[in-house]
Q: 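First, the structure itself, so that you have it in front of you.
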Amino acid sequence: MTNWINQLFFAVLISSVTGTLMLGVWHLLQSFFMRFNPDLVYCTLRWVCLLYVLPSGYVAMRLTYRGWIRESSGQSTVSVFATTDMINFAFRFIAAVWFVVVCIVMAHLGITYWKFRQTLKGNVEEGDEKVIHVYRKLCREMQIPVDTFELCRNDMIRTPMIAGLIHPQIVVPYGMRLPEKEWEIILAHELSHYLHKDLWFKIFWVFITVIHCFNPAAHWLLSALDEWSENMADVSAIEQLGYMERLHIYFDCVLRIVPDKENMAPGQFQFSTMAKTKEELDRRIDFMKAYREVKKAGSKVTAAITAAFVMVSSITSVFAGTGAGQIYDDAYQNTESLVYEKAVVADDGMVEYYADVEDLGDVQIIYDSAEDGIMPIAGPYTFNWNVAAYTRFVTSEFKVKAGGYIKASATTNYLSKTFWLGIMDDDGHARYVSGTAALAHEFAITTTNDYRVFVQNDNNVVLKAAGGYAYGN
């Protein structure tokens, strides 16, 4: 399970980088979007939100780096950044801490949600005919089925809100009495949140903040999404009620009726409400004034700009993933000579095992007498050995520099007997592939050293091994 936590954390890391990069791009392009169509700002911000959870960068990384680490048992654990004990321990520790924090915060949010649901059990059906009339009228005009919501009052809340995902409710404070026009403003705003699916996105935004708890940009994203959801709900409500040229009526109502956010209970992600701070309200008013002055571009221009932003963000995600894959490759190659007793899947799809020579088994070692005193040229060099039971046949030494390769191949006279074909260096390290009947493999060399090719027979029969090798720098 630890390795899967590692993978999950690594996927979150890459998506966090990708999402943060595009969040910065979005921030720079806000004024550009406003000039063409203010709706683009919220639309593209939601797309950035999705980038924080889409694993496209992680998938690109997995397609880029050279292989995945396996445990010595040979069972695939698809670990990343597990090339040395130090890297492995550090990464696992960080991933474990992250996982514990996420679980604790999720549990806390679950308890908070449960407590809020207990509060809603005190709801009573709305009996004010004026409120019901306004609600039904707005539902017809906004093309929302009247029975979509339960219209309720509750003496435990301070501001009207929409709550509930499966069974949505509009809940207003018990004892609130307003003129019909003000009920229109309040309910139109809340119904606009429903049309924009803001409550679902709000839950989603909080989830993003939790899993990216280490990234301050994710927390800023939450506040940006909250603010822009209010902006767009204002737009829909104002357009619906025809207050675009009389903004002061709408915002005077909000200022008078809606409580300050500082006085609301924190962490209320379970509902959408009009709670505000003075600074937020000032920005909402400024936005609506700017929105009123903008002459929206046509649908084709808007679609083209949106598509361009999505394309750029997708390319950024892929580059982030391939960049992480390259970093992994570099880290792997720099530490590869330090790490043994593991196996990787090489570029050709074969499992390449790493071990110390002394751990290859208690076998007899025989050096090819045909090569005694001979330092072979780069090759190809051929051999034809009778490898006795529990014996390792070994060639003479030859030097290969870092960045070079050793190609080796061998066939045996048994179709069902497993043998090893590999290389060993002067420092007592070995790499090999395992199979039956015939093997061929290219070993990528990352450390300059003197090497030998070997064939090892761990069977109780004699294997006739014919093959050869070549190397290059």
Side-chain angles (χ1 to χ4, degrees), residues 37-43 46 123-154 157 159-174 176-202 226-258 271-276 281 284-285 287-299 302:
N37 189 338
D39 298 343
L40 277 170
V41 182
Y42 191 39
C43 175
R46 283 188 169 191
N123 288 349
V124 294
E125 185 178 353
E126 175 61 74
D128 190 328
E129 288 298 327
K130 178 169 56 179
V131 179
I132 296 173
H133 170 72
V134 172
Y135 165 72
R136 290 178 175 174
K137 173 180 171 235
L138 287 171
C139 283
R140 288 193 300 271
E141 292 174 353
M142 300 173 76
Q143 298 183 342
I144 299 174
V146 174
D147 58 355
T148 298
F149 297 94
E150 293 181 61
L151 193 57
C152 310
R153 287 188 182 267
N154 191 301
I157 66 170
T159 181
M161 64 180 64
I162 280 186
L165 298 177
I166 307 302
H167 302 292
Q169 299 172 318
I170 292 181
V171 188
V172 298
Y174 193 81
M176 177 179 275
R177 296 292 181 261
L178 300 173
E180 184 171 321
K181 289 295 183 183
E182 294 186 351
W183 277 122
E184 284 183 344
I185 290 174
I186 297 296
L187 294 178
H189 183 96
E190 298 306 326
L191 290 172
S192 295
H193 278 304
Y194 170 77
L195 290 177
H196 299 162
K197 309 296 183 185
D198 283 338
L199 193 55
W200 284 96
F201 268 89
K202 196 169 188 177
D226 197 29
E227 180 175 337
W228 278 95
S229 72
E230 292 300 320
N231 286 342
M232 301 316 296
D234 287 339
V235 168
S236 296
I238 289 171
E239 290 181 337
Q240 176 65 37
L241 300 174
Y243 286 145
M244 191 60 73
E245 301 303 324
R246 297 176 294 164
L247 295 179
H248 64 281
I249 297 177
Y250 179 88
F251 285 108
D252 282 348
C253 174
V254 173
L255 183 62
R256 186 172 58 259
I257 297 172
V258 179
F271 53 77
S272 287
T273 181
M274 294 178 73
K276 87 290 179 193
L281 187 59
R284 286 164 62 179
I285 294 172
F287 168 76
M288 282 308 308
K289 289 179 179 177
Y291 186 93
R292 185 174 58 185
E293 302 302 322
V294 172
K295 184 177 180 181
K296 291 186 182 181
S299 58
T302 301

Q: So which heavy atom on Ile132 is nearest to which on Glu126, and how close?
A: CD1-O, 3.5 Å
Q: Could you check whether Lys130 pairs with Glu180 (Lys NZ or Arg NE/NH1/NH2 to Asp/Glu carboxylate O, under 4.0 Å)?
A: no
Q: Looking at Ile238 and Met244, what are the two nearest heavy atoms and their distance?
A: CG2-N, 3.4 Å
Q: Which label fits His189 and Tyr250: parallel for a plane angle under 30°, tilted from 30 to 60°, or perpendicular past 60°?
A: tilted
Q: Less than 4.5 Å apart, side chain to side chain, heavy atoms only: is that true for Phe251 and Arg284?
A: yes
Q: Looking at Arg46 and Asp198, does any basic side-chain N land under 4.0 Å from a carboxylate oxygen?
A: yes
Q: Which heavy atom of Met232 sits nearest a heavy atom of Asp39, and at what distance?
A: CE-OD1, 2.9 Å
Q: Minimum heavy-atom separation for Pro145 and Tyr135, please, with both atom names.
A: O-OH, 4.3 Å
Q: Starting at CZ of Arg292, measure out to CG of Leu247 and round the result to the nearest 0.5 Å.
A: 4.5 Å
Q: When rounded to the nearest 0.5 angstrom, what is the spacing between CD1 in Ile285 and CE in Met288?
A: 10.5 Å
Q: If you measure only the distance, is there a donor-acceptor pair under 3.5 Å linking the side chains of Tyr42 and Asn231?
A: no
Q: Side chains of Asn123 and Gln169: is there a donor and an acceptor less than 3.5 Å apart?
A: yes
Q: Give the minimum heavy-atom separation between Pro160 and Pro173, together with the two atoms involved.
A: N-CD, 3.7 Å
Q: Kindly compute the distance separating CD (Glu190) from CG (Leu138), expressed to the nearest 0.5 Å.
A: 11.5 Å
Q: Is there side-chain contact between Thr148 and Pro168, with heavy atoms separated by less than 4.5 Å?
A: yes
Q: What do the steps show when you test Val254 against Leu281 for side-chain contact (heavy atoms from CB on, under 4.5 Å), and what is the final call?
A: CA-CA 9 Å; Val254 173; Leu281 187 59; 4.0 Å; yes
Q: Taking C-beta and beyond as the side chain, do Val172 and Val131 meet within less than 4.5 Å on heavy atoms?
A: no
Q: Give, for atom CD1 of Ile186 and atom CE of Met176, the distance between the pair rounded to the nearest 0.5 Å.
A: 6.5 Å
Q: Any non-hydrogen side-chain atom of Glu150 less than 4.5 Å from a side-chain atom of Glu125?
A: no
Q: How many angstroms lie between CD1 in Ile162 and CD1 in Ile170, if you round to the nearest 0.5 Å?
A: 5.0 Å
Q: Any side-chain heavy-atom pair from Ile144 and Leu191 closer than 4.5 angstrom?
A: yes
Q: Are Arg153 and Val171 packed together at the side-chain level, in the sense that at least one heavy-atom pair is separated by less than 4.5 angstrom?
A: no
Q: Considering only NZ, NE, NH1 and NH2 on the basic side and carboxylate oxygens on the acidic side, decide whether Lys137 and Glu184 come within less than 4.0 Å.
A: yes
Q: State, with a plain yes or no, whether a side-chain heavy atom of Ser229 is found less than 4.5 Å away from one of His193.
A: yes
Q: Can Lys197 be said to sit on top of Tyr194's aromatic six-ring, NZ or CZ under 6.0 Å from centre and within 45° of the ring axis?
A: yes
Q: Are Trp183 and Pro179 packed together at the side-chain level, in the sense that at least one heavy-atom pair is separated by less than 4.5 angstrom?
A: no
Q: Using the rule given for side-chain contact (heavy atoms from CB on, under 4.5 Å), can you reason through Val124 versus Tyr174, listing the C-alpha separation, both sets of side-chain angles and the distance that settles it, and then say yes or no?
A: CA-CA 9 Å; Val124 294; Tyr174 193 81; 4.2 Å; yes
Q: Yes or no on side-chain contact (heavy atoms from CB on, under 4.5 Å) for Lys181 and Ile185, after CA distance, side-chain angles and deciding distance?
A: CA-CA 7 Å; Lys181 289 295 183 183; Ile185 290 174; 5.8 Å; no
Q: Looking at Arg136, I want to see if its CZ is surrounded by more than 12 non-hydrogen atoms of other residues, nucleotides or ligands under 6.0 Å.
A: no
Q: Mind running side-chain contact (heavy atoms from CB on, under 4.5 Å) on Glu239 and Tyr291 for me, showing each step along the way?
A: CA-CA 11 Å; Glu239 290 181 337; Tyr291 186 93; 3.3 Å; yes
Q: For the backbone of Ala188 and the side chain of Ser192, can you confirm whether one donor and one acceptor N or O come within less than 3.5 Å of each other?
A: yes
